[in-house]
Protein chains: 2
Amino acid sequence: MAEAEDNTRERLLDQGERLFAEKGFSAVSVREITAAANCNLAAINYHFGSKQRLYLAVFRERWAHRARRVRQHFLETLAGKPRRGLEDVIGAMANAFLEGPMSEAERRCHIQLMQREMADPGDALNMVIEEVMRPYILEITDMVRPHLNGFVDERRLRLSVLSILGVILYFFLARPAVSRVVEQEYDSRFKPELVSHITAFSLHGIHSLNQE
Amino acid sequence: MAEAEDNTRERLLDQGERLFAEKGFSAVSVREITAAANCNLAAINYHFGSKQRLYLAVFRERWAHRARRVRQHFLETLAGKPRRGLEDVIGAMANAFLEGPMSEAERRCHIQLMQREMADPGDALNMVIEEVMRPYILEITDMVRPHLNGFVDERRLRLSVLSILGVILYFFLARPAVSRVVEQEYDSRFKPELVSHITAFSLHGIHSLNQE
DNA sequence: GTCTATAGCAGGATAGAC
DNA sequence: GTCTATCCTGCTATAGAC
């Protein structure tokens, strides 16, 4: 994310991602992106062919890479706890997204881009689902399963892991609404409280699989 | 939502809402809206002053009204169960959003519009939060509180109710991702399964408030 | 209230010099 | 690879006839 001065192409990816996340694809102009990247108006078409293809490149060359870093952070957090419980898995998940390896600006960028792609499904969404979300959820599912008693319906297990992700993303995306409902700013005191709430809520939620 | 033939203004609100929800504010042109509403290009400016003010009118005159219907449905579902448990409250909540008084098209429209406004906070978001979300969440909080044992921290209680809403909205908005992860289409067999999962997960989740 | 016509501008894309 | 200049399409908004 740091101003990569080495070449125009990189700067276009950086600024393109930032602006697409901030305002959405249609609301950003190539003029705005090239100005922010401090290069010529024609550069997007030269390097990527079109505005649309810059958008796709952002997902392939920036977003996907960052998603791998988030997963890596999640795995490393868990590696530090060899006798891990279910709570550790869920805590690491919430942590990776809400306090993980990204700066605040990166996190906002990353999650907003995904949200926008969900709202307007395009070619990028396939990549995001198949190469990132699906394998990630299934990986976590495998980590969660051994902690549950007896037979667990696979579909309900996946729904539960998805629900956890849903809660995490919601508290990030609905920030203004959450803030006003609990009458509390998203400051550095509130964030750990949020992570601990999400972990506790989800931990009990997932135990609904045991008790029926 | 049904093609209101009475006057141009109403048709503009209907089609405007549909298209804004489908594509987002910037991606829709007034030409597209007026064509869909089967009226003249100049009609938006005559009736609302500008495209932006049509967007605001959609929230004030359509979205907010529909939100009241959802709340009404929720209250009526509960009114039928005088000795209601916590499960009934949560079930009614999930039901109001996912199978409630809206047609599928209306539901999609309603929830997508809110999602887009969350992504690009503008004047409409204030109205949505203050006049709809906040009172609704607080009302549900009051219904949930008596079912919990002993002293409950108010902020954590509100976070829990927000989490439930988060799970519900997530399963609606992340539909393509959910579908691919659980390998299951969103058909009429799957939906009740989803509602029952959300209810069970959230019910256990909210009991995290009791057990600490 | 609804129409046509158009002003006035911003958009993405490209050609061709350097 | 980067620049300028420009094409052309599409946009919002408005003026003014009906």
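Both backbone and side-chain heavy atoms feed into the values below; hydrogens, waters and symmetry mates do not. Reminder, nothing fancy here: chain letters follow the sequence lines and each chain counts from 1.
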If you compare all heavy atoms of A/Glu117 against all heavy atoms of A/Gly122, which two are closest, and at what distance to 0.1 Å?
OE2-N, 2.8 Å

Sort and list the pairs that fulfil ring pair (Phe, Tyr, Trp, His ring centres under 6.0 Å) and have at least one residue in residues 153-179 of chain A, not counting sequence neighbours.
A/Phe171-A/His197

Contacts under 3.5 angstrom, residues 94-102 of chain B side chains, donor-acceptor by atom type, not counting sequence neighbours:
none

Rounded distance in Å - CZ (A/Phe20) to P (C/dG12):
9 Å

What is the distance from CG of A/Leu12 to P of D/dT2, rounded to the nearest Å?
9 Å

Given protein heavy atoms under 4.0 Å, the one-letter contact record of nucleotides 3-11 of chain C, with B base, S sugar-phosphate only and - none, is simply BB------B

Could you state the NZ-P distance from B/Lys23 to D/dG10, rounded to the nearest angstrom?
14 Å

Go through D/dG1, C/dA13, C/dT2 for me and flag the one nearest to the A/Asn45 side chain.
C/dA13

Pairs where residues 164-179 of chain A contributes a residue and the test salt bridge (Lys or Arg N to Asp or Glu O under 4.0 Å) is met, not counting sequence neighbours
A/Glu104-A/Arg175

Do any pairs count as a side-chain hydrogen bond (donor to acceptor under 3.5 Å, both in side chains) and have a residue in residues 41-50 of chain B, sequence neighbours left out, and if so which ones?
none

Rounding to a whole Å, what distance do you find between B/Ile33:CD1 and D/dA13:P?
11 Å

Rounded to whole angstrom units, what separation is found between the NE2 atom of A/His47 and the P atom of C/dT14?
15 Å

Could you pull out all donor-acceptor pairs under 3.5 Å where a side-chain atom in residues 124-138 of chain A meets a protein atom, sequence neighbours excluded?
unit_1   : atom_1 : unit_2   : atom_2 : d
A/Asn126 : OD1    : B/Arg180 : NH1    : 3.4
A/Asn126 : OD1    : B/Arg180 : NH2    : 3.0
A/Glu130 : OE2    : B/Arg180 : NE     : 2.8
A/Glu130 : OE2    : B/Arg180 : NH2    : 3.2
A/Arg134 : NE     : B/Arg180 : O      : 3.0
A/Arg134 : NH2    : B/Glu183 : OE2    : 2.3

Value in whole Å for how far the P atom of C/dT14 lies from CD1 of A/Ile44:
13 Å

Quickly work out the A/Asn7 CG to D/dG1 P distance and round it to whole Å.
9 Å

